[in-house]
Amino acid sequence: MNSPASTTVIAPQLRDPAWLSRVFWLCAGLVLLAPALVLTEFKPWTLFEAETIKSTKRFLADFFPPKVEGEFLLLVAKECWRTVAIATAGMALALLIAIPLTLISTSALSISALPGRMHAIPFVVRQAVRWLLIVLRSVPELIWALVFVRVVGLGPTAGVLAIALTYGGMLGKVYGEILESDESHATNTLLRNGAGRLQAFFYGLLPQSAAELTSYTVYRWECAIRSSAVLGFVGAGGLGQQMDNSMKMFQGGEVATMLIVFMLLVGLADYASAWLRRVLA
Amino acid sequence: MRITLQGLAARHPAAAAASPPALKPLTLTIAPGEQVAIIGPSGAGKTTLLYALACALEPATGRLELDGVDPWLLSVAQLQKLRGRLFLAPQTPPLPPRQRVITAVLAARLPQQSLLASLRSLFYPTHIAEAEAALTRFDLAGKLWNRVDRLSGGERQRVGLARALISKADLWLVDEPLSSLDPSRAILAIDALTQSARDCGATLITTLHQVDVATRFPRVIGLRDGELQFDLLAHEVTPERLAALYAQHEHELLGAPPAPGDDGADGKPAAAMYCR
């Protein structure tokens with residue numbers, strides 16, 4: 001059965017030298033994961049206990065049938081439109097925050113770094129902007145919303161401002177990463193030939209990364225729509241606020257209708273993103 | 001542009017400070033309007049020399065003077081202004097694939113344009129006729145409105161060369177302009193390049209792998225292992241000198257250029273990792 005060759009020891013040069021570190025990191029990953037599972041009380045089997053299943057069923061039964069009365073649908077449509085408006089306005093403000101900060105912080109546009117090492121002042125400025133972005137996005141939009149609900153009162157404005165700040169931080173970070181990970185050859189050459197930073201951005205970096213930047217922005221817009229639903233629960237307007245009301249009134253059917261509308265919205269954003277990618281590819 | 005090198009040595013920015021420089025101390029003068037070919041086997045330091053001249057690499061030791069000015073004593077802004085008078089064409093044409101040829105060519109004019117003018121040119125290109133004339137010189141007439149990724153490798157390389165004509169620079173530094181051109185095209189391209197440089201009154205310095213093409217330049221510099229082997233007029237470059245220059249690299253002398261990008265100063269691994 002076994003050929004004599006297979007029983008002999010494999011020559012050392014034919015052995016994959018990387019396998020030991022692969023095994024090590026696999027084990028290390030598992031060891032690090034274990035305490036996280038303990039800490040989060042990860043017990044999936046409780047999902048299938050008879051008691052849990054019964055209460056789950058009771059909760060879900062409330063959702064059926066979805067409410068489709070004309071007047072209610074009109075209200076949902078209006079609130080849905082408001083949700084999209086909150087997300088869009090929030091994104092527009094977030095872009096106003098993110099784009100200048102990205103342009104300042106991305107090292108792909110550093111002139112002083114061209115011959116090798118960035119100068120001290122540009123380096124400090126870039127780090128400062130990076131920290132500003134960290135602060136902006138590390139405060140969850142829910143907290144920002146709670147703050148702004150107190151400042152500007154209940155309503156969509158609080159939601160718009162909350163999304164603008166958190167998403168400004170996220171967009172700024174990821175835009176920077178996209179710009180820095182893309183092929184920098186064209187941009188570098190423009191800078192080396194004496195072009196300005198913004199010129200190099202518009203003629204080198206942006207055409208290189210436009211598709212990726214757009215698809216990420218549309219994805220974030222989709223996230224903003226979902227996020228504005230959560231913000232509604234703390235009184236920042238939109239479909240979320242309606243959903244909160246219906247939940248409190250135990251109107252499962254209304255919640256179900258709104259969830260379906262939500263799925264349609266997210267699906268729509270998905271198609272818009274795919275279409276934009278195709279156009280820009 | 002008058003170029004003076006005094007014991008200039010340079011190494012790649014990623015190289016260890018203790019490692020021997022890719023370009024060993026070199027003293028050299030190039031007069032305004034001169035046309036120079038730099039030849040030598042792979043790893044001779046040709047590209048390093050070119051990047052040092054382009055102010056893209058800071059000298060490890062020694063001094064570079066462009067028109068009597070040491071660029072590394074200038075402020076960042078002044079140096080960037082000086083770079084606007086240099087045109088560096090890397091071996092791999094620096095053209096974003098989704099850009100149109102017209103935009104890619106006109107990008108060479110950016111240092112002479114205000115930000116507003118360059119944005120306006122993105123909306124509706126200015127200097128279309130100039131770009132078309134430059135492309136025609138390199139046998140690319142009619143490619144003006146094509147997208148860069150629709151061009152062949154050779155066409156892209158020639159678009160990269162046509163940018164020089166748009167740049168208004170006093171010093172053209174061209175790295176391996178023929179690496180993806182076939183021999184007959186290569187001759188046409190190099191003639192167009194030298195003629196254009198003469199027309200623009202620019203100094204032209206080119207690294208080359210094709211020794212037969214190099215002798216079309218009035219002056220030929222031979223580099224090997226980062227050291228100057230010869231600095232001669234074209235007719236003084238004898239087969240014996242070439243044989244000595246390419247000893248142990250004879251296959252390159254016979255006209256088999258190495259794969260492009262093997263000694264470029266650019267190229268970082270593309271790694272994308274986003275937190276979404």
Side-chain angles (χ1 to χ4, degrees), chain A residues 107-108 110-119 121-122 134 137 169-171 173-216 219-220 222-223 279-281, chain B residues 12-14 51-52 54-59 72 76-77 79-90 92-100 103-104 106-115 117-119 121-122 148 160 163 167 169 173 264-268 270-276:
Chain A
S107 60
S110 166
I111 287 175
S112 72
L114 275 182
R117 211 178 178 150
M118 205 183 289
H119 288 181
I121 296 172
I134 289 175
R137 72 171 184 276
M170 288 185 206
L171 290 172
K173 176 202 158 67
V174 178
Y175 283 174
E177 279 179 7
I178 291 176
L179 294 183
E180 271 166 37
S181 69
D182 262 345
E183 182 58 57
S184 61
H185 185 50
T187 319
N188 266 342
T189 307
L190 284 177
L191 289 174
R192 277 186 185 136
N193 283 340
R197 289 159 38 85
L198 285 175
Q199 287 178 324
F201 171 72
F202 283 112
Y203 277 79
L205 211 45
L206 189 61
Q208 196 85 258
S209 330
E212 201 155 356
L213 292 175
T214 312
S215 90
Y216 182 71
Y219 170 66
R220 267 296 148 201
E222 177 198 315
C223 293
V279 169
L280 286 165
Chain B
H12 193 273
Y51 277 69
C55 306
L57 274 182
E58 198 165 351
W72 297 103
V76 172
L79 174 58
Q80 195 63 4
K81 197 157 172 248
L82 174 66
R83 282 188 179 124
R85 293 173 57 206
L86 313 174
F87 177 79
L88 171 70
T92 322
L95 315 173
R98 286 189 284 252
Q99 204 168 46
R100 289 187 304 173
T103 319
L106 290 180
R109 184 58 66 82
L110 290 176
Q112 279 78 37
Q113 279 176 331
S114 68
L115 176 62
S118 51
L119 288 179
S121 184
L122 274 185
V148 167
R163 286 165 69 136
S167 70
L173 299 155
D266 263 311
K268 69 176 189 191
M273 206 173 184
Y274 310 127
C275 168
R276 290 187 165 172

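What you see is a predicted model, and the numbers here were worked out from it, not measured in a lab. So that the names make sense, note that chain A is the first sequence line, chain B the second, and so on, each numbered from 1.
Not a single donor-acceptor pair under 3.5 Å links the side chain of B/Q99 to the backbone N or O of A/P207. Side-chain atoms of A/Q199 come within 3.5 Å of backbone atoms of B/Q113 as a donor-acceptor pair (strictly under, hydrogens ignored).
The part of B/L86 that comes within reach of chain A is its backbone (N, CA, C, O), which places non-hydrogen atoms under 4.5 angstrom from that chain. Contact of A/T187 with chain B is not made at all, since no heavy-atom distance falls under 4.5 Å.
Residues B/S121 and A/Y203 are in side-chain contact: their nearest non-hydrogen atoms beyond the backbone lie under 4.5 Å apart.
Options B/L106, B/L173, B/L95, B/L119 differ in how many heavy-atom pairs under 4.5 Å they form with chain A, and the most are formed by B/L119. Comparing B/S118, B/G84, B/A104 by heavy-atom pairs within less than 4.5 Å of chain A, the highest count is held by B/S118.
Rounded to the nearest 0.5 Å, atoms CG (A/N193) and CZ (B/R163) are 7.0 Å apart. The distance from atom CG of A/L114 to atom CG of B/L57, rounded to the nearest 0.5 Å, is 10.5 Å. If you take CG on A/L191 and CD on B/Q80, they are separated by 6.0 Å, rounding to the nearest 0.5 Å.
What you find for B/P94 and A/H185 is that their closest heavy atoms are CA-CD2, 3.6 Å. Between B/P96 and A/G204, the shortest heavy-atom distance links the atoms CG-O, 3.8 Å. In terms of heavy-atom proximity, B/R98 sits nearest to A/Q208 at NH2-O, 2.8 Å.
When the side-chain hydrogen bond (donor to acceptor under 3.5 Å, both in side chains) test is applied to A/T214, no partner is found at least two apart in sequence or on another chain. Residues passing the salt bridge (Lys or Arg N to Asp or Glu O under 4.0 Å) test with B/R85 are B/D67, B/D170, sequence neighbours excluded.
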